[in-house]
Amino acid sequence: MNFTAKMIAEMLRGTVEGDPETSVTDVARIEEGKPGALSFLANPKYEKHVYTTGSSVIIVNQDFKAENPVSATLIRVSNAYEAFAELLNLYEKNKPKKSGISPMSAISKKATTGKDLYVGEFAVISDGAVIGNNVQIYPQVYIGENAEIGDHTILYPGVKIYHDCIIGANCIFHSGAVIGGDGFGFVPNDENVYSKVPQLGNVVIEDHVEIGANSTVDRATLGSTMIRQGVKLDNLIMVAHNVEIGKNTVMAAQVGIAGSTKIGADCLFGGQAGLAGHIKIADGVKIGAQAGISNSIKKEDVAVMGSPAFNLHAFYKSYAIFRKLPELWRQLQDLEREVAGKSGN
Amino acid sequence: MNFTAKMIAEMLRGTVEGDPETSVTDVARIEEGKPGALSFLANPKYEKHVYTTGSSVIIVNQDFKAENPVSATLIRVSNAYEAFAELLNLYEKNKPKKSGISPMSAISKKATTGKDLYVGEFAVISDGAVIGNNVQIYPQVYIGENAEIGDHTILYPGVKIYHDCIIGANCIFHSGAVIGGDGFGFVPNDENVYSKVPQLGNVVIEDHVEIGANSTVDRATLGSTMIRQGVKLDNLIMVAHNVEIGKNTVMAAQVGIAGSTKIGADCLFGGQAGLAGHIKIADGVKIGAQAGISNSIKKEDVAVMGSPAFNLHAFYKSYAIFRKLPELWRQLQDLEREVAGKSGN
Amino acid sequence: MNFTAKMIAEMLRGTVEGDPETSVTDVARIEEGKPGALSFLANPKYEKHVYTTGSSVIIVNQDFKAENPVSATLIRVSNAYEAFAELLNLYEKNKPKKSGISPMSAISKKATTGKDLYVGEFAVISDGAVIGNNVQIYPQVYIGENAEIGDHTILYPGVKIYHDCIIGANCIFHSGAVIGGDGFGFVPNDENVYSKVPQLGNVVIEDHVEIGANSTVDRATLGSTMIRQGVKLDNLIMVAHNVEIGKNTVMAAQVGIAGSTKIGADCLFGGQAGLAGHIKIADGVKIGAQAGISNSIKKEDVAVMGSPAFNLHAFYKSYAIFRKLPELWRQLQDLEREVAGKSGN
């Protein structure tokens, strides 16, 4: 990569401030900038670095106002983070793609495979599996009987897809993700010995879904655990059986969702949040980190926090007083003594 | 599968309400019912679907009282969920079982293997391992030196069993479960550099235990980390070194248990609960989701909630007031002003 | 192993109390002691066992005062736990080490490999990877393109190291650990459809780091996610992209750290703690189990608790009142009535 500020500004439909001939050969975080590097500034927390960074070119938001002198050349765009991502994507797409089928993989003759596949060493594709075109199956991946993988999907090393699960196109699953393990269903007898409820359903994941490393999505007891188009799940997330997650919902790491819960579209979940089973979450709901959701949320676009969770702003108000509870307690005891004193007791 | 309501009722020792000749060829969730499908109703939350479902036959509890007309044929049994599970089990047992030993697996000549095994591709069975009869070892499983696996146990793709661990009969371990990794033991020196404490013990898991995807059970420093008969662990659970979990205890996903803690029999843990190390939990204790347990619980059958946790009902009472703390705070300030006013200050 | 108390005391620079010729052939936990076993007592919670254990020799702290008669021979040392660990280490080092390269592994001809390697079955070492001397690569491990592994590092079965990640010397990674999966970065468009931000950085892990089973460390968007020398991470931990963890910091299981957060040296994190992104934690900070950290902690060596977290002692004081909030509420209502009564309302 060797570009001038002017060329980059043209690609990103931005304007140059400073020398348009400044050239860059590398990208770097703004706080780790060095000569010849391109950086970006989107989060205001990092603004101080714009005045001291060694980077030669910085992409900033249209409305950025420098409060000190900036030595780097600036490129102003409507959304610096988005523009930078776009640029990285162009860069990424030029990298050579993995291809070829390893002779050390095990592909069933009863599987159906598309064109231009990559299948790495020690990967397993079982009987009846259907693999689309341009799928990338890294080493040590397992694809069970009759599972289907859509076009252009990437399964990184060690992903496990159990039998009969259906994965859409353009998905990315990271190492250790497990799709289709048995849902957690047991029936206790009178002596509290549990019998297993067989999990006869599957998992259906639509297109453009990304699932992080070591996350797990369990198969339904009957029917399908459903993850809709565009959902993004971070690492170490648990999606239990019979759950449904709506379009473009995004969840941070270590979230857990109990069985049969239905989540709307366009939700945002903070890390380590937990949801009880058999509840419904409306579209656009924001759930704070570590929140515990025990009841349905029927109103769209609300934000909640706490365990059990309630309205985010109300939670912070309550929590502010929680922090001064010892003071409140003393105040109440003082007041009681004062009132008792006046009564002559 | 093609059965009449009458045949199913006989299998389940139930009674038919409606046309006993109604036949079904499939199973479906009650909310997704369709003609020819068998469903069940156990959780009252789903009762509304019984009046509108397309399913042809529904298994219900003996005491179910319809509040509206039901078009489906009903089968009344003493426990609808249990009966349904029994039926699914019959169905599941008729499915063909995996068998045969893949030539692409690596089985040590110094291992002992039983009869009627399934060993999938790229599975490893190390020196000195002892594998029982009818064990199913899926692809990419690893079984370390001298580990033992009991009869009829199923290890799904990618399960890792470290050396010297002992697994009972009729267990099921899902993909990515790791049994016998080193316990987390370190000794800091004066400069806070940590030395590793070797973990020389193992993990012993008794019969009829199920462990979910990507859960981890660490080996003991000395002796054994113990999981007793009938324990059911969901996905992404952490069981630290030297822990003991009593018979038929059930834990939901993402629970974490620190080192050397002893848990009784018949306990129920909600998701994301965390337990400190070196404590004891009595039999039958119920721990709420996201609860944090920092001290031993000596009384049997109690229920706790919160972090740190205390009695469940007391927690909910405190939490109800927590939600109105801003109101309480204002009330106290008002009262103080009123009392001060009376004093003529 | 067959040693007398005298020999052990000499190795550990301790003093014998009782018969110096008492010999031991095994090690055992003090609560599971038996004749011929060596145990240790460090945690005061276990002191009661010292009077009843069947073990023949017990290592205790210099200042241990027996409150009842002890039949075992004691060895007094300055730090019993450390001394015991030292002894186990001597024992562990005598065990034979794995060696040899399995013909069933897949090692690229374009990889560089050191001396005295162990490479197990179905392990993959990709083009351009650089493997040091005495590295132990267990079965089913994956090492991506251009990844580097330092001398004496151990990768247990199924560890996945993505391309371009750099791992130091003397590290230990347990099964299912995933190093270098894509960071969780997406840009939403106006219709809330997310585009992926390519993650072009890597993960750099310095020497003497241990990472537990199924933990995940994501690669940086640019530059490196950094884990400094001597860091110890337990199981199922999430380290997001661009994070930095300082020297000798220790984290218990299921901790989650969001993107770009910088953590100092010598910190101690309790289990299931969660940290927001883009914050800084000073050296020596102690974070309680299940704590939620939403802001930077600039002061060194402080201890925090709660979600959101604040000073540990203040948290416990507030929480003590939280437990009696119903009582406080009633007291306030009573007082209000009393004051109102006096006013003659």
Side-chain angles (χ1 to χ4, degrees), chain A residues 27-29 32 39 43 45-46 79 81-82 84-86 88-89 91-92 102 104 120-122 138-140 156-158 172 174-176 208 210 212-214 230 232 234-236 248 250 252-254 265-266 270-272 289-290 307 319 322-326 328-329 332 335-336 339 342-343, chain C residues 106 122 124 140 142 144 158 160 162 176 178 181-182 184-189 191-198 200 214-216 218 220-223 236-238 240 242 254 256 258 272 274 276 278 290 292 294 307-308 310 314 317-322 324-325 328 331-332 335 338-339 342:
Chain A
V27 287
R29 293 188 225 171
E32 297 171 351
S39 296
N43 187 330
K45 276 198 183 183
Y46 291 82
N79 183 323
Y81 184 58
E82 204 173 313
F84 195 70
E86 196 183 324
L88 294 187
N89 256 311
Y91 181 74
E92 176 87 349
S102 167
M104 293 162 106
E121 289 77 15
F122 315 126
Y138 275 74
Q140 301 143 340
Y156 279 106
I172 299 176
H174 284 282
S175 287
H208 297 286
E210 183 155 345
N214 286 342
K232 311 294 178 192
D234 202 347
N235 298 356
L236 291 165
N248 299 325
V250 172
Q254 296 175 320
D266 302 319
Q272 298 183 335
Q290 296 191 327
S307 178
Y319 202 77
F322 171 78
R323 295 181 62 147
K324 49 186 179 179
L325 274 182
L328 185 153
W329 178 260
L332 179 59
L335 192 60
E336 189 165 58
V339 169
K342 283 183 189 170
S343 312
Chain C
F122 315 127
V124 172
Q140 301 143 342
Y142 170 84
K160 310 297 181 208
Y162 278 53
V178 176
D182 282 349
F184 197 63
F186 301 93
V187 187
N189 70 6
E191 289 163 337
N192 205 38
V193 173
Y194 288 84
S195 303
K196 183 174 177 66
V197 179
L200 304 181
N214 287 342
S215 285
T216 66
D218 279 358
T221 312
L222 298 172
L236 292 165
I237 285 176
M238 162 58 173
N242 315 320
Q254 296 175 321
Q272 300 182 335
H278 297 278
Q290 298 190 327
S294 43
S307 178
F310 53 101
K317 279 182 192 166
S318 279
Y319 202 77
I321 316 255
F322 171 79
K324 49 185 180 177
L325 274 182
L328 186 153
Q331 197 185 352
L332 179 59
L335 193 61
E338 194 180 335
V339 170
K342 283 183 188 169

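Computation of the quantities below employed the complete heavy-atom set of this structure, encompassing side-chain atoms and omitting hydrogens, waters and symmetry-equivalent molecules.
- Side chain to side chain, C/N192 and A/D266 meet the donor-acceptor criterion of an N or O pair below 3.5 Å.
- Proximity to chain C is limited to the side chain of A/N43, based on heavy atoms less than 4.5 angstrom apart.
- Using a 4.5 Å cut-off on side-chain heavy atoms (C-beta onward), A/H174 and C/D218 make no contact.
- Looking at A/L236, only its side chain comes within 4.5 Å of chain C, counting heavy atoms on both sides.
- Looking at A/I172, only its side chain comes within 4.5 Å of chain C, counting heavy atoms on both sides.
- Heavy-atom distances place the side chain of A/K45, and not its backbone, under 4.5 Å from chain C.
- For a residue to count as touching a neighbouring chain, one of its non-hydrogen atoms must lie under 4.5 Å from one of that chain's; by this rule A/A213 touches chain C with backbone and side chain alike.
- Looking at C/S195, neither its backbone nor its side chain comes within 4.5 Å of chain A, counting heavy atoms on both sides.
- Only the side chain of A/Q272 comes within less than 4.5 Å of a heavy atom in chain C; its backbone stays farther off.
- The main-chain N or O of C/K196 is found under 3.5 Å from a side-chain atom of A/N89 such that the two form a donor-acceptor pair.
- A/Q140 places a side-chain N or O within 3.5 Å of a backbone atom of C/F122 that can act as its donor or acceptor partner.
- Between C/Y162 and A/Y156, the two ring planes are tilted [angle within 30° to 60°].
- Proximity to chain C (any heavy atom under 4.5 Å) is restricted, for A/Y319, to the side chain, taken from C-beta onward.
- With a 4.5 Å cut-off on non-hydrogen atoms, A/E82 touches chain C through its backbone and its side chain both.
- Neither the backbone nor the side chain of A/E86 comes within less than 4.5 Å of any heavy atom of chain C.
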